[in-house]
Each structure stands twice: as structure tokens, then as C-alpha cells.
There are 2 protein chains.
Amino acid sequence: MSIKGDVMDESSSPSLLYAVKQVEQVVRARLDAVLRPHGATALQYTALTVLQHRDGMSSAELARNAFVRPQSMADLVSALESRRLVVRVKDAADRKRINVMLTDEGRAFLSACEAEVADLERTMLRDLTDHQVKVLRSALNSCRRSLA
Amino acid sequence: MSIKGDVMDESSSPSLLYAVKQVEQVVRARLDAVLRPHGATALQYTALTVLQHRDGMSSAELARNAFVRPQSMADLVSALESRRLVVRVKDAADRKRINVMLTDEGRAFLSACEAEVADLERTMLRDLTDHQVKVLRSALNSCRRSLA
DNA sequence: CATTGATTAACAGGATTCCTGATAATTATG
DNA sequence: CATAATTATCAGGAATCCTGTTAATCAATG
């Protein structure tokens with residue numbers, strides 16, 4: 001009885017593009033399950049965490065950061081605003097720009113999910129050494145940079 | 001002028017869940033761009049490559065492998081069938097099962113995309129040593145297994 | 001052997017996430 | 001100043017995800 005997601009395991013040296021996708025798929029599924037009771041999706045959560053690091057980004061910036069079209073991100077931000085997790089604030093210095101800011105509710109939401117998400121990450125990394133985690137992190141960042 | 005996708009770079013030790021998602025996002029965008037002229041999406045392509053490795057999987061198996069609900073995969077397979085890239089064949093030994101088989105067209109499609117996709121992967125890994133690639137691969141597989 | 005449980009496929013409806021195409025306003029550039 | 005670049009928004013649509021439900025088939029159990 002095989003473990004889920006192992007059709008193309010190490011034995012067949014599959015594409016690393018595929019390996020990344022597999023991990024992302026299982027993360028997404030697991031994250032969605034964690035977040036659903038809180039009323040959000042994995043992607044929405046991701047956008048919120050980005051804002052947590054750099055509040056006040058424009059929708060266009062968020063889109064670029066996520067490698068999607070501006071409109072895609074605008075729709076996501078719109079949904080977050082509907083849920084009152086963010087507000088959109090006209091930029092004083094640049095009137096065509098609208099900054100996306102976390103609300104207190106948004107911050108509370110992130111706090112509420114934090115433990116479970118951290119648990120998920122801990123589970124994901126449980127069989128890796130500290131060194132492997134370090135290499136993984138820098139390799140992923142290298143991959144992203146090379147394709148960005 | 002920052003590189004796209006670097007809001008939470010190494011300097012702030014972000015979630016590895018996020019790092020995976022970032023790479024997946026840029027891969028998906030790049031892969032979509034490569035595949036669009038061929039008339040398919042990154043996800044459809046991924047499903048086809050899985051079948052390339054193990055032809056005749058059922059839709060339910062493909063779903064499990066991809067960590068999505070059966071219906072989600074059924075819809076994707078349905079789209080692939082419409083494009084004649086796969087056929088669905090009743091299983092002789094188990095009449096409730098339908099095996100998804102690559103067509104010649106499906107195979108030809110994969111061949112047509114192969115060079116460009118390989119190029120993409122090469123680009124992704126260009127700044128990594130062989131050793132780092134090796135660690136990356138096994139770490140990703142470990143992550144997947146731990147969450148599956 | 002009959003019943004129950006598990007698995008597979010499919011229908012239906014809907015939300016989310018992605019894209020393209022287009023328009024308008026604002027800022028940057030030469 | 002005119003043009004180019006950037007931002008946001010409207011519109012429409014495809015793809016991808018889910019939940020809920022039903023029916024058929026196989027597996028397990030007593």
C-alpha cells in the first residue's frame with residue numbers, strides 16, 4: 001500500500017519541477033484544511049503573511065511578488081477586504097496607488113492560525129537535519145531567483 | 001529595484017511553506033507560458049507526466065497522488081480527454097474502475113513540450129551545485145512524505 | 001451467502017484563482 | 001509637452017478547487 005503522492009518517487013529521478021509541485025500540493029491541501037475553519041484559503045493566508053512582513057504594499061506589488069497578473073491579485077485583495085482582514089488606503093504620495101494594509105482583524109486572524117501553521121511546518125521538516133533544512137531553504141530561494 | 005518575489009527573503013528567515021509556494025508560483029507562471037501555445041496548463045501537463053510514468057492509473061489514484069478530491073481530478077481528466085490527450089478505458093478486472101491512458105496525441109504533446117520544460121528546469125537549477133540539487137530533491141521528497 | 005463497508009465514477013452547484021482585453025487616471029521620462 | 005510606464009478597475013471566461021449526493025461495483029465480515 002503506497003504512500004500518497006509517490007508515483008514518481010526518487011527511484012525514477014523525476015523532474016524537480018514535479019517534486020516542488022508535489023510538495024506544494026500537499027502543503028496547500030493541509031493548509032486549506034487548517035485554515036478553512038478560520039474562513040480563509042491557503043492563498044489568502046499567504047497574501048496576509050506577505051503583508052505581515054511588509055504592510056502597505058500595493059496590489060500590483062503583491063501580484064509581482066506572487067508571479068500573477070495584477071487583476072488576479074486585485075480579486076484576492078478584494079476578497080480579503082470584504083472579510084475586513086485588510087483595508088485599501090490611497091497613497092498620499094502617489095494618487096494612482098492604493099496601499100493594502102492589514103487590519104486588527106487581519107492581524108488577529110494571523111495570530112489565530114499561527115500555532116497550527118507552525119505545527120504543519122514542523123511536521124513537514126521533521127525528518128530533515130538542521131543542515132538539510134538550511135540547504136533546502138537556500139536552494140529554494142536560488143530556484144526562485146533564477147526563474148524570477 | 002528588487003527582484004520579483006523577494007519580499008520575504010532569506011534575511012528574514014521566512015516560513016519554508018512560503019518558500020515552497022513562491023517557487024511553485026514562479027514555476028507555474030513560467031510553465032503556463034511555455035505550455036499555453038501548445039494548448040494546455042501546467043496542471044494538465046503535470047497530470048500527463050504522471051501518466052507517462054504510470055499509464056492506466058484511475059482518476060481516483062491520480063487524485064490521491066495530487067492531494068486533491070476525486071472530483072477535481074475527474075474534471076481535469078475530462079478536459080484532457082476532450083483534447084484527445086487521454087482516453088478512459090473500463091478496467092476489465094474491476095468494472096467500477098476506469099483507467100486513464102495516454103493517447104498517441106498525448107505522447108506527442110509531451111514530446112513537443114519536453115525541450116522547453118527541460119530548459120526551464122535547467123534554468124531553475126543553474127546556480128546550484130550537484131550536491132545541492134541532490135539535497136534539494138531528497139529534502140522535497142521527505143517533506144512530501146511527512147505531510148502525505 | 002447476505003450484509004455492510006469501501007471504493008470508484010459521475011452529477012450538480014458554487015467559490016476561488018487564474019487569464020485576456022479594455023479603459024482611465026496618474027506619474028515618469030525624454 | 002507628448003509619450004511611455006504604472007496603477008487600478010471593469011468585464012468575461014476558463015480552470016481548479018471544494019461540498020453534497022447518488023449509483024454501481026468490489027471487498028470484508030460474520
Side-chain angles (χ1 to χ4, degrees), chain A residues 1 4 21 24-37 39-48 56-83 85-86 88-100, chain B residues 1 4 21 24-37 39-48 56-83 85-86 88-100:
Chain A
M1 180 59 196
K4 281 164 75 174
K21 185 63 186 174
E24 186 275 333
Q25 292 269 85
V26 65
V27 168
R28 206 219 67 249
R30 292 290 296 264
L31 206 43
D32 271 342
V34 163
L35 298 166
R36 196 169 286 121
T41 67
L43 255 183
Q44 292 167 357
Y45 173 79
T46 302
L48 290 172
M57 286 170 81
S58 70
S59 197
E61 280 174 334
L62 285 167
R64 279 198 297 277
N65 189 62
F67 306 99
V68 298
R69 299 296 192 275
Q71 180 55 32
S72 305
M73 186 55 71
D75 288 343
L76 190 151
V77 168
S78 190
L80 292 176
E81 194 183 33
S82 296
R83 288 178 179 72
L85 300 178
V86 303
R88 288 191 271 200
V89 183
K90 205 80 154 289
D91 189 298
D94 179 348
R95 280 171 307 162
K96 68 181 178 310
R97 181 188 168 99
I98 302 185
N99 298 323
V100 185
Chain B
M1 179 58 191
K4 281 164 75 173
K21 184 64 188 174
E24 186 274 334
Q25 290 270 85
V26 63
V27 168
R28 206 219 68 248
R30 292 290 296 264
L31 207 41
D32 271 342
V34 164
L35 297 166
R36 196 168 287 121
T41 67
L43 256 183
Q44 292 166 357
Y45 173 80
T46 301
L48 290 172
M57 286 170 79
S58 69
S59 197
E61 280 173 334
L62 285 166
R64 279 198 297 278
N65 189 63
F67 305 100
V68 296
R69 299 297 193 275
Q71 180 57 32
S72 305
M73 187 54 71
D75 289 343
L76 191 151
V77 168
S78 189
L80 292 177
E81 194 183 32
S82 297
R83 286 177 182 72
L85 300 179
V86 302
R88 289 190 270 201
V89 183
K90 203 75 143 306
D91 189 297
D94 178 350
R95 280 171 305 162
K96 68 180 178 309
R97 181 190 167 98
I98 302 185
N99 299 323
V100 186

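Quick note on labels: first sequence line is chain A, next is B, and so on, each numbered from 1.
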How many angstroms lie between atom [atom1] of [X] and atom [atom2] of [Y], to the nearest 0.5 angstrom?
| X | Y | atom1 | atom2 | answer |
| --- | --- | --- | --- | --- |
| B:R36 | B:L31 | CZ | CG | 10.5 Å |
| A:M73 | A:L43 | CE | CG | 7.5 Å |
| B:E24 | A:K21 | CD | NZ | 4.0 Å |
| A:R64 | A:E61 | CZ | CD | 5.5 Å |

Separation of atom [atom1] in [X] from atom [atom2] in [N], rounded to whole Å:
| X | N | atom1 | atom2 | result |
| --- | --- | --- | --- | --- |
| B:R69 | D:dT21 | CZ | P | 15 Å |
| B:R36 | C:dC19 | CZ | P | 7 Å |
| A:K90 | D:dT9 | NZ | C1' | 12 Å |
| B:L35 | D:dA15 | CG | P | 14 Å |
| B:Q25 | D:dT16 | CD | C1' | 14 Å |
| B:L80 | D:dA15 | CG | C1' | 12 Å |
| B:E81 | D:dA15 | CD | C1' | 17 Å |
| A:L31 | D:dC17 | CG | C1' | 14 Å |

Q | DNA chain C: 5'-proximal contact among B:A29 and A:R95 (nearest heavy atom) | A |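 Result: B:A29.
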(Q) If you compare all heavy atoms of A:F67 against all heavy atoms of B:R28, which two are closest, and at what distance to 0.1 Å? (A)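 The answer is O-NH2, 4.4 Å.
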Q. If every non-hydrogen atom of B:A42 is compared with every non-hydrogen atom of B:D32, which pair is closest and at what distance?
A.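 Closest heavy-atom pair between B:A42 and B:D32: N-OD1, 2.9 Å.
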Q) Per the end-axis method with five pairs at each terminus, what is the bend angle of the helix from C:dC1-D:dG30 to C:dG30-D:dC1, to 10°? A)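 Comparing the first five pairs with the last five, the axes sit 40° apart.
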Q) Taking the side chain from B:R83 and the backbone from B:G39, do they hold a donor-acceptor pair closer than 3.5 Å? A)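 Judged by distance alone, yes, a pair lies under 3.5 Å.
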(Q) Using only atom types and a distance under 3.5 Å, with no angle test, would you say the side chain of B:S78 pairs donor to acceptor with the backbone of B:A74? (A)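 Side chain of B:S78 to backbone of B:A74, a donor-acceptor pair under 3.5 Å: no, none is there.
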Below 3.5 Å between N/O atoms, which protein atoms pair up with nucleotides 7-10 of chain C? Just atom names and distances, please.
{"from": "C:dT8", "atom 1": "OP2", "to": "B:R64", "atom 2": "NH1", "distance (Å)": "3.0"}
{"from": "C:dA9", "atom 1": "OP1", "to": "B:I98", "atom 2": "N", "distance (Å)": "3.0"}
{"from": "C:dA9", "atom 1": "OP1", "to": "B:I98", "atom 2": "O", "distance (Å)": "2.9"}
{"from": "C:dA9", "atom 1": "OP2", "to": "B:A60", "atom 2": "N", "distance (Å)": "3.0"}
{"from": "C:dA10", "atom 1": "OP2", "to": "B:R88", "atom 2": "NH1", "distance (Å)": "3.4"}

Nucleotide N/O of nucleotides 14-16 of chain C paired with protein N/O under 3.5 Å:
{"from": "C:dT16", "atom 1": "OP1", "to": "A:R83", "atom 2": "NH2", "distance (Å)": "2.8"}

Q) Is there a side chain to side chain contact (heavy atoms under 4.5 Å, CB included) between A:L35 and A:T41 once you walk through the steps? A) CA-CA 6 Å; A:L35 298 166; A:T41 67; over 6 Å; no
Q | Name of the residue among A:N99, A:L62, A:V77, A:V100 meeting side-chain contact (heavy atoms from CB on, under 4.5 Å) with A:M57 | A |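 In the set A:N99, A:L62, A:V77, A:V100, the residue that makes a side-chain contact (heavy atoms from CB on, under 4.5 Å) with A:M57 is A:L62.
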Q: Decide yes or no on side-chain hydrogen bond (donor to acceptor under 3.5 Å, both in side chains) for B:Q71 and B:D75, but give the supporting numbers first.
A: CA-CA 6 Å; B:Q71 180 57 32; B:D75 289 343; 2.8 Å; yes
Q: Give a yes/no on whether any side-chain N or O of A:S72 is located under 4.0 angstrom from OP1 or OP2 of C:dC19.
A: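 The answer is yes; a side-chain N or O of A:S72 sits under 4.0 Å from OP1 or OP2.
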